Amino acid sequence: MKTVTVNASQTYEVKVGRGLLADLGKEIAPRMGKGRAVCLVSDSNVANLYLDAAQESLEDAGLRVEPFVMFAGEIHKNVRTYAKLLDYMAENQITRADALVALGGGVVGDLTGFAAATYLRGVGFFQVPTTLLAAVDASVGGKTAVDLDAGKNLAGAFYQPRLVLCDLNTLDTLPDDIFADGCAEVIKYGMIGDPDLLDKLETIDFRADPEAIVARCIEMKRDLVEADEFDTGARQLLNLGHTMGHGIEACSDYGISHGKAVAIGLTMAARTAIAHGLCPGEVLPRLIALLEQYHLPTATDYTVEALYDRVLADKKRAGETQTLVMPTAWGKSELHQVPVRELRDWIQKGLTL
Ligand SMILES: NC(=O)c1ccc[n+]([C@@H]2O[C@H](COP(=O)([O-])OP(=O)(O)OC[C@H]3O[C@@H](n4cnc5c(N)ncnc54)[C@H](O)[C@@H]3O)[C@@H](O)[C@H]2O)c1
């Protein structure tokens, strides 16, 4: 097992290893203060696989468990599901001393975190990520959100968990396709700032033994979160591939998954950076080959017209400038301020090099 400690506005541990779900109750109970009840949130797929084990472990530790199962999928990460969850907690007498446990992928984690941040102005929050994407990215760092009709993650809060418990055994039941989504975020970390990680990804298949790669990604996220918890500077590097990716997700009405959209967004960022002379040309074919090795898409048919409004709705726009993350070398990226009037051209270059 590996433990990464995050020193943000709340200090917490991220534990990564096999078989940790059995200890969920033992890990959470001492971090509950006076609270004795948890609302255990999961989605319809994950609940079938892991809800009973999680509930049993929590009850064995003396906690009252109120399970809430939402429909699976990004289209349910919305205000309606969020409101249902709040009502459910109120009906089941969840108090300020109690807590929410998110058992699932990034959708469950983001929505549960936002409920934890806002219910009674904030209750305890624990993350139990069950996708690779949630393990390496969504469960750590305290960004919580739901989507609005206008775009992704437009209502949310910064709210750190008290503990993240990542049982790598849960990743074994992920369909290949969903494991691949997480690989897009792993490759993103490499492109942000770790050429050694990229080299490793080119030579090994880490699915059978993911601990070291997952822990390395969490350390990178930890470093950026500690440097800039509220996302006004260095943390924005984590958005590499995401500004265009969010646009692609929204254009597809969330038919294209977050991970696949980020993969395409990574190649768009590389194309744009190369076209602007910010990045050497050889980065693009190597990046495309790595993404294809992990069964990820590298291009989109959406036009600049389709993407422009969606990209403009992105949270990273401040007034008349948009922050874009641009790769500048293999395993290195930087932030760039782009005037909104030039954005259309930057998107176009990402589509056409
Ligand atoms: N908060 C953050 O910092 C952050 C960072 C990155 C992404 N995100 C968000 O994360 C979300 C994407 O997360 P995701 O890719 O985990 O999607 P997801 O939560 O929708 O999970 C993908 C699918 O896998 C299923 N699943 C989950 N665990 C499983 C398991 N162990 N075995 C079998 N099936 C399982 C789910 O039911 C779902 O159908 C997006 O909403 C994105 O915006 C948030």
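Both ligands and their constituent atoms are indexed starting at 1 by order of listing. From a predicted model like this one, the values you see are computed outputs, not experimental measurements. Only heavy atoms go into these numbers, but all of them, side chains included; no hydrogens, no water, no symmetry mates.
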Residues clustering with [X] (ILVMFWY side chains joined when closer than 4.5 Å, directly or via others):
X	result
Phe230	Phe158
Tyr254	Ile75
Val65	Met1, Leu20, Leu21, Leu24, Ile28, Met32, Val38, Leu40, Val46, Leu49, Tyr50, Leu51, Leu58, Leu63, Val69, Val101, Leu103, Phe126, Val128, Leu163, Leu165

Pairs under 3.5 angstrom, nitrogen or oxygen on both sides, ligand 1 versus protein: list them out, please.
{"from": "ligand 1", "atom 1": "1 (N)", "to": "Asp110", "atom 2": "OD1", "distance (Å)": "2.9"}
{"from": "ligand 1", "atom 1": "1 (N)", "to": "Lys143", "atom 2": "O", "distance (Å)": "2.9"}
{"from": "ligand 1", "atom 1": "3 (O)", "to": "Lys221", "atom 2": "NZ", "distance (Å)": "3.3"}
{"from": "ligand 1", "atom 1": "13 (O)", "to": "Gly106", "atom 2": "N", "distance (Å)": "3.2"}
{"from": "ligand 1", "atom 1": "16 (O)", "to": "Gly106", "atom 2": "N", "distance (Å)": "2.8"}
{"from": "ligand 1", "atom 1": "16 (O)", "to": "Thr131", "atom 2": "OG1", "distance (Å)": "2.6"}
{"from": "ligand 1", "atom 1": "19 (O)", "to": "Gly106", "atom 2": "N", "distance (Å)": "3.1"}
{"from": "ligand 1", "atom 1": "19 (O)", "to": "Val107", "atom 2": "N", "distance (Å)": "3.0"}
{"from": "ligand 1", "atom 1": "28 (N)", "to": "Thr130", "atom 2": "O", "distance (Å)": "3.2"}
{"from": "ligand 1", "atom 1": "28 (N)", "to": "Thr130", "atom 2": "OG1", "distance (Å)": "2.8"}
{"from": "ligand 1", "atom 1": "31 (N)", "to": "Thr130", "atom 2": "O", "distance (Å)": "2.9"}
{"from": "ligand 1", "atom 1": "31 (N)", "to": "Thr170", "atom 2": "O", "distance (Å)": "2.9"}
{"from": "ligand 1", "atom 1": "31 (N)", "to": "Thr173", "atom 2": "OG1", "distance (Å)": "3.3"}
{"from": "ligand 1", "atom 1": "32 (N)", "to": "Thr173", "atom 2": "O", "distance (Å)": "3.4"}
{"from": "ligand 1", "atom 1": "32 (N)", "to": "Thr173", "atom 2": "OG1", "distance (Å)": "2.8"}
{"from": "ligand 1", "atom 1": "37 (O)", "to": "Asp43", "atom 2": "OD1", "distance (Å)": "3.1"}
{"from": "ligand 1", "atom 1": "37 (O)", "to": "Asp43", "atom 2": "OD2", "distance (Å)": "2.7"}
{"from": "ligand 1", "atom 1": "37 (O)", "to": "Asn45", "atom 2": "ND2", "distance (Å)": "2.9"}
{"from": "ligand 1", "atom 1": "39 (O)", "to": "Asn45", "atom 2": "ND2", "distance (Å)": "3.0"}
{"from": "ligand 1", "atom 1": "41 (O)", "to": "Glu74", "atom 2": "OE1", "distance (Å)": "2.5"}
{"from": "ligand 1", "atom 1": "41 (O)", "to": "Glu74", "atom 2": "OE2", "distance (Å)": "3.3"}
{"from": "ligand 1", "atom 1": "41 (O)", "to": "Lys77", "atom 2": "NZ", "distance (Å)": "2.8"}
{"from": "ligand 1", "atom 1": "41 (O)", "to": "Lys152", "atom 2": "NZ", "distance (Å)": "3.2"}
{"from": "ligand 1", "atom 1": "43 (O)", "to": "Lys77", "atom 2": "NZ", "distance (Å)": "3.2"}
{"from": "ligand 1", "atom 1": "43 (O)", "to": "Lys152", "atom 2": "NZ", "distance (Å)": "2.5"}

Subject >> His246-His258 aromatic ring centre distance below 6.0 Å >> reply: yes
Original post:
Going by distance alone, is a donor N or O of one side chain under 3.5 Å from an acceptor N or O of the other, for Glu229 and Ser9?
Top reply: yes
Original post:
Is it the case that Arg344 places NZ or CZ above or below the six-membered ring of Tyr308, under 6.0 angstrom from the centre and within 45 degrees of the axis?
Top reply: yes
